[in-house]
2 protein chains.
Amino acid sequence: MNIDALTTAQIEHLSDKLRAAGLRSTKPRLALAHLLFGKGDRHVTAESLYEEARAFNLSVSQATIYNTLNQFLDAGLLREVIVDHARSYFDTNVSNHHHFFIEGETRLIDIPLDQVSLKAVPDAPEGYELSGVDVVIRLNAR
Amino acid sequence: MNIDALTTAQIEHLSDKLRAAGLRSTKPRLALAHLLFGKGDRHVTAESLYEEARAFNLSVSQATIYNTLNQFLDAGLLREVIVDHARSYFDTNVSNHHHFFIEGETRLIDIPLDQVSLKAVPDAPEGYELSGVDVVIRLNAR
DNA sequence: ATGCCTGCAAAATATTTGCATGTAA
DNA sequence: TTACATGCAAATATTTTGCAGGCAT
């Protein structure tokens with residue numbers, strides 16, 4: 001399986017998505033966009049995406065993986081989830097929701113927003129404005 | 001100001017705390033414990049504690065700062081707060097509570113537990129057990 | 001005396017960046 | 001053609017670790 005197996009319609013769709021985000025449609029970006037957005041919501045790390053890319057017969061450098069993830073992030077195509085100081089996680093689901101994080105594994109699970117809403121959000125301190133609320137529920141294997 | 005300015009009572013108190021945690025009472029640990037626990041709840045990074053230690057006329061290496069923070073963490077004297085992949089934060093308040101994090105600054109603010117409790121905590125997926133719930137409210141300067 | 005601590009420097013890890021080359025528009 | 005992308009390697013930043021010497025118990 002590789003990028004040449006994609007249909008013209010798939011490529012057009014991804015190209016449009018990239019251009020709508022202000023990014024040029026290039027082969028590495030198309031392939032990474034396909035991996036990221038082609039099969040529903042998912043979570044990746046730079047490393048997991050790099051390995052997937054190679055399995056997809058795409059020769060991208062790690063720098064391009066990082067650069068692409070950061071560009072997609074800036075463009076609002078991805079969301080970053082900070083749960084582990086060892087590694088950055090990226091979520092293709094950019095809507096408001098929260099996460100389970102399994103300690104010791106490299107794995108996140110989405111929690112729909114309605115299953116974990118807050119009773120009340122405290123006011124931001126004077127001079128600051130709220131930019132986001134992240135809830136992380138940490139799990140251990142039983 | 002340096003560690004020799006501490007009273008015998010202060011030193012005894014900190015020594016007891018260290019020994020109760022299963023750690024030997026050494027000069028670097030006493031001084032760091034004084035900085036960490038001597039003035040109410042606070043948040044530090046390895047770097048901020050390192051600078052404070054030097055201002056306190058304590059010559060500790062960065063390795064000792066990191067090792068000590070990790071030992072205190074393992075002993076339950078500190079809690080780690082994961083909000084930023086650039087750096088680790090340690091909180092001397094180990095009770096259940098949440099945080100404001102100011103984007104672009106190196107600063108955390110505690111939120112008392114009763115100001116931000118969840119309506120409901122979702123069940124852990126089969127095979128896992130809940131280990132903690134972290135709420136981070138991100139702020140930007142207005 | 002023994003085992004835990006510490007400092008120093010080197011290693012390990014994740015991520016970013018400079019620069020020359022390549023490619024989309 | 002021109003500006004943006006990419007690959008490679010080197011740089012950066014944080015944290016961890018190996019080892020020799022020091023200190024608490």
Side-chain angles (χ1 to χ4, degrees), chain A residues 3 11-12 14-33 35 43-51 53-54 56-75 77-78 80-90 104 106, chain B residues 3 11-12 14-33 35 43-51 53-54 56-75 77-78 80-90 104 106:
Chain A
I3 192 174
I11 290 177
E12 269 317 300
L14 292 171
S15 287
D16 289 348
K17 183 162 184 152
L18 291 176
R19 278 189 283 259
L23 299 169
R24 285 187 182 172
S25 170
T26 65
K27 188 169 170 176
R29 282 185 187 153
L30 281 173
L32 295 177
L35 293 176
H43 305 99
V44 301
T45 63
E47 196 193 351
S48 76
L49 183 60
Y50 181 67
E51 282 165 14
R54 315 205 87 223
F56 192 65
N57 275 45
L58 176 72
S59 53
V60 279
S61 65
Q62 300 213 51
T64 296
I65 295 283
Y66 278 104
N67 291 338
T68 302
L69 286 170
N70 285 325
Q71 289 150 0
F72 285 10
L73 193 62
D74 291 344
L77 301 177
L78 291 176
E80 188 172 8
V81 187
I82 299 176
V83 288
D84 182 350
H85 45 70
R87 210 169 343 262
S88 294
Y89 289 79
F90 298 88
T106 303
Chain B
I3 193 174
I11 291 178
E12 269 318 300
L14 293 171
S15 286
D16 289 348
K17 183 163 186 153
L18 291 176
R19 277 190 282 257
L23 299 169
R24 285 186 180 174
S25 171
T26 65
K27 188 168 170 177
R29 281 184 186 154
L30 281 173
L32 295 176
L35 294 175
H43 305 99
V44 301
T45 63
E47 196 193 352
S48 75
L49 184 59
Y50 181 66
E51 283 165 15
R54 314 205 88 221
F56 193 64
N57 276 46
L58 177 72
S59 53
V60 277
S61 66
Q62 300 213 51
T64 296
I65 295 283
Y66 279 104
N67 290 339
T68 302
L69 285 171
N70 285 325
Q71 288 151 359
F72 284 10
L73 193 62
D74 291 344
L77 301 178
L78 291 175
E80 188 171 8
V81 186
I82 298 176
V83 287
D84 182 351
H85 44 71
R87 177 169 22 243
S88 295
Y89 289 79
F90 298 88
T106 304

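All figures in this text were calculated on a predicted structure; none of them were measured in a lab. In what follows, chains are A, B, ... by sequence order, proteins preceding strands, each numbered from 1.
- In this structure, the side chains of A/L32 and A/L58 come closer than 4.5 Å at one or more pairs of heavy atoms.
- Scored by the side chain to side chain contact (heavy atoms under 4.5 Å, CB included) test, A/E12 finds A/D16, A/R19 as partners (sequence neighbours excluded).
- A/Y50 is linked by a ring-ring contact (aromatic ring centres under 6.0 Å, His included) to nothing, counting only residues two or more places apart in sequence or in another chain.
- Residue B/S59 places no side-chain N or O under 4.0 Å from the OP1 or OP2 atom of C/dG7.
- Partners of A/H85 under the ring-ring contact (aromatic ring centres under 6.0 Å, His included) rule, at least two apart in sequence or in another chain, do not exist in this structure.
- Shown here are the side-chain hydrogen bond (donor to acceptor under 3.5 Å, both in side chains) partners of A/T26, two or more places apart in sequence or in another chain: there are none.
- When the C1' atom of C/dT6 is taken as reference, atom CG of B/L32 falls 12 Å away, rounded to whole Å.
- Within the 4.5 Å cutoff, no side-chain heavy atoms of B/D74 are placed close to those of B/Q71.
- B/S61 is linked by a side-chain hydrogen bond (donor to acceptor under 3.5 Å, both in side chains) to B/T64, counting only residues two or more places apart in sequence or in another chain.
- Scored by the ring-ring contact (aromatic ring centres under 6.0 Å, His included) test, A/F90 finds no partners at all (sequence neighbours excluded).
- Residues A/L14 and A/L18 fail the side-chain proximity criterion, which asks for heavy atoms closer than 4.5 Å.
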List every contact pair, protein side and nucleotides 20-25 of chain C side both N or O, where the distance is under 3.5 Å.
{"residue": "C/dA25", "atom": "OP1", "partner": "A/R19", "partner atom": "NH1", "Å": "3.1"}

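- A search for side-chain hydrogen bond (donor to acceptor under 3.5 Å, both in side chains) contacts involving A/S25 returns A/S15, not counting sequence neighbours.
- In this structure, OH of B/Y50 is placed 13 Å from C1' of C/dT6, rounded to the nearest angstrom.
- Nearest-nucleotide assignment on DNA chain D puts the 5′-proximal partner with A/I65, out of A/I65 and B/S88.
- A/Y89 meets the ring-ring contact (aromatic ring centres under 6.0 Å, His included) test with A/F101; sequence neighbours excluded.
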Mind listing the N/O atom pairs, protein and nucleotides 16-19 of chain C, below 3.5 Å?
{"residue": "C/dT16", "atom": "OP2", "partner": "A/N70", "partner atom": "ND2", "Å": "3.0"}

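- Axis angle, first five pairs versus last five pairs of the helix from C/dA1-D/dT25 to C/dA25-D/dT1: 30°, rounded to 10°.
- Annotation: the span from A/R24 atom CZ to A/L30 atom CG amounts to 13.5 Å, rounded to 0.5 Å.
- Along DNA chain C, the nucleotide nearest A/R87 and the nucleotide nearest B/T68 are compared for position; the residue whose nucleotide lies closer to the 5' end is B/T68.
- Protein chain A touches strand DNA chain D; the 5'-most and 3'-most nucleotides with an atom under 4.0 angstrom of its non-hydrogen atoms are D/dA3 to D/dA9.
- The structure places NE2 of B/H43 at 13.0 Å from OG1 of B/T106, a figure rounded to the nearest 0.5 Å.
- Nearer to the 5' terminus of DNA chain D, by closest-nucleotide assignment, is the contact made by A/R29 (compared with the other of A/R29 and B/Y89).
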